[in-house]
Amino acid sequence: MSLERTFAHYKDLDQPILRSFFSTRADNCAPNLLGKMLVRRYQGETLAGIITETEAYQGEEDLGCHAKAGRTMRTAVMYGPPGHAYIYFTYGMHWLFNVVCDEVNQPAAVLIRAIEPVAGLNLIRKFRPQPQFKRQELVSHGWTDGPAKLCQALSINGEMNGIDLCDPSSDLWIADAGREVHDSEIIRTGRIGLNRVPEPWRSIPWRYQLTTTTG
DNA sequence: AGCACGATGCTCT
DNA sequence: GAGCATCGTGCTT
C-alpha cells in the first residue's frame with residue numbers, strides 16, 4: 001500500500017496548527033505532536049510526513065536543555081513566542097529542528113526526532129545523501145527516522161531558524177492532518193544523547209515515540 | 001543487531 | 001579547549 005496515494009485524503013493540510021497549541025509546556029506539547037503532519041513547501045512542491053517521535057526540552061532548570069546556560073545568541077528563539085522554529089547546528093555537520101513552546105520568556109522546545117514520509121517522496125529521497133558503499137535504504141521510513149535525517153530530507157537548515165510555523169505564508173508548518181493517536185500507542189523513555197547530563201534530567205521520560213510505525 | 005569510531009564546526013567556559 | 005539533542009561505516013556476535 002502506498003502512503004503517498006492516500007495523501008489527498010488528509011484534511012486541513014494547508015492550515016497550520018493554532019499558536020495556542022504550542023503555548024504550554026514542552027512535555028505537554030511533545031506527546032500531542034505525535035500523529036500530526038509536518039509539511040514543507042519547496043519550490044512549489046509539497047513534502048510531508050507524520051510525526052512519529054519527539055522530545056521535550058523545558059526551561060532553564062532542565063539541564064538537558066540548551067537554555068540551561070540562560071539567554072544567549074543561540075537560545076534567543078526559545079525565549080520568544082511559541083510556534084516558531086528553533087533550528088540549530090550540531091556535531092559539525094547536522095541541523096536539528098525544534099518547535100518553540102510555552103510562553104514568552106519561558107524557554108522550551110520540542111525536538112522533532114522522526115517522521116514517516118507521506119508526500120514528496122521523490123524529492124525527499126533526492127535530498128538524502130546517497131550512501132557510498134551501503135545499499136540505498138529501500139524503506140522510506142529510513143530516510144527520515146532521525147532528527148538530522150529529517151532535516152536533510154525536507155531541506156531544513158539554519159536559514160529557517162526563527163520562522164513562524166503558524167504563519168500561513170511560511171514554507172514550513174505543522175498541520176492537524178496526520179492520524180489520531182491514543183495514549184496506549186505512546187512509548188515514553190529518557191531522551192537520546194544526553195550522556196553527560198546529570199539526573200534526574202538525563203533519565204526523565206520526555207522522549208515520546210509511536211509504537212505503530214511502518215518499518 | 002549491536003557497538004565503536006571518525007567526520008567536522010559551532011557554542012559556551 | 002571541551003563538549004556536543006547525529007550519522008554512516010565497518011567490524012564483531
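All chains are named by letter (A, B, ...) in the order of the sequence lines, taking the proteins before the strands, and each is independently numbered beginning at 1.
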Tell me what [X] touches on the nucleic acid: a base, only sugar-phosphate, or nothing, going by heavy atoms under 4.0 Å.
X        : answer
A:Ile192 : sugar-phosphate
A:Arg74  : sugar-phosphate
A:Asn195 : nothing

If you check every side-chain atom of [X], which of [options] has the closest atom?
X        : options              : result
A:Met93  : B:dC12, B:dA7, C:dT6 : B:dA7
A:Arg196 : C:dT6, C:dC7, C:dC4  : C:dC4
A:Lys149 : C:dA5, B:dC12, C:dG8 : C:dG8

- prompt: Distance check: side-chain N/O of A:Thr90 vs OP1/OP2 of C:dT6, anything under 4.0 Å?
  reply: no
field: Phosphate-side-chain proximity, A:Arg128 and C:dC7, N/O vs OP1/OP2 below 4.0 Å
entry: no
field: G-U wobble or Watson-Crick pairing nucleotide for B:dT8 (cut-off 3.5 Å, both distances)
entry: none
message: Going by purine N1 to pyrimidine N3 plus the second Watson-Crick contact, or the G-U wobble pair, all under 3.5 Å, which nucleotide sits opposite C:dA5?
response: none
field: Of A:Tyr88 and A:Gln152, the one whose closest DNA chain C nucleotide lies more 5'
entry: A:Tyr88
I'd like to know if [X] pairs up with [Y] as an ion pair, taking the criterion as any Lys NZ or Arg NE/NH1/NH2 lying under 4.0 Å from an Asp or Glu carboxylate oxygen.
X        : Y        : value
A:Glu185 : A:Arg179 : yes
A:Asp62  : A:Lys68  : no
A:Arg113 : A:Glu55  : yes

May I have the distance from [X] (atom [atom1]) to [N] (atom [atom2]), rounded to whole angstrom?
X        : N      : atom1 : atom2 : answer
A:Ile204 : C:dA5  : CD1   : P     : 17 Å
A:Glu53  : C:dA5  : CD    : P     : 16 Å
A:Arg207 : C:dA5  : CZ    : P     : 15 Å
A:Asn161 : B:dT11 : CG    : C1'   : 14 Å
A:Trp95  : C:dC4  : CH2   : P     : 19 Å
A:His66  : C:dA5  : NE2   : P     : 4 Å
A:Leu150 : C:dA5  : CG    : C1'   : 12 Å
A:Leu111 : C:dC4  : CG    : P     : 16 Å

query: Does a side-chain heavy-atom distance below 4.5 Å link A:Glu60 with A:Tyr79?
result: yes
query: Are any of the side-chain heavy atoms of A:Asn28 and A:Phe22 separated by less than 4.5 Å?
result: no
ring centroid sep under 5.5 Å plus plane angle under 30, A:Tyr57 with C:dA5: yes
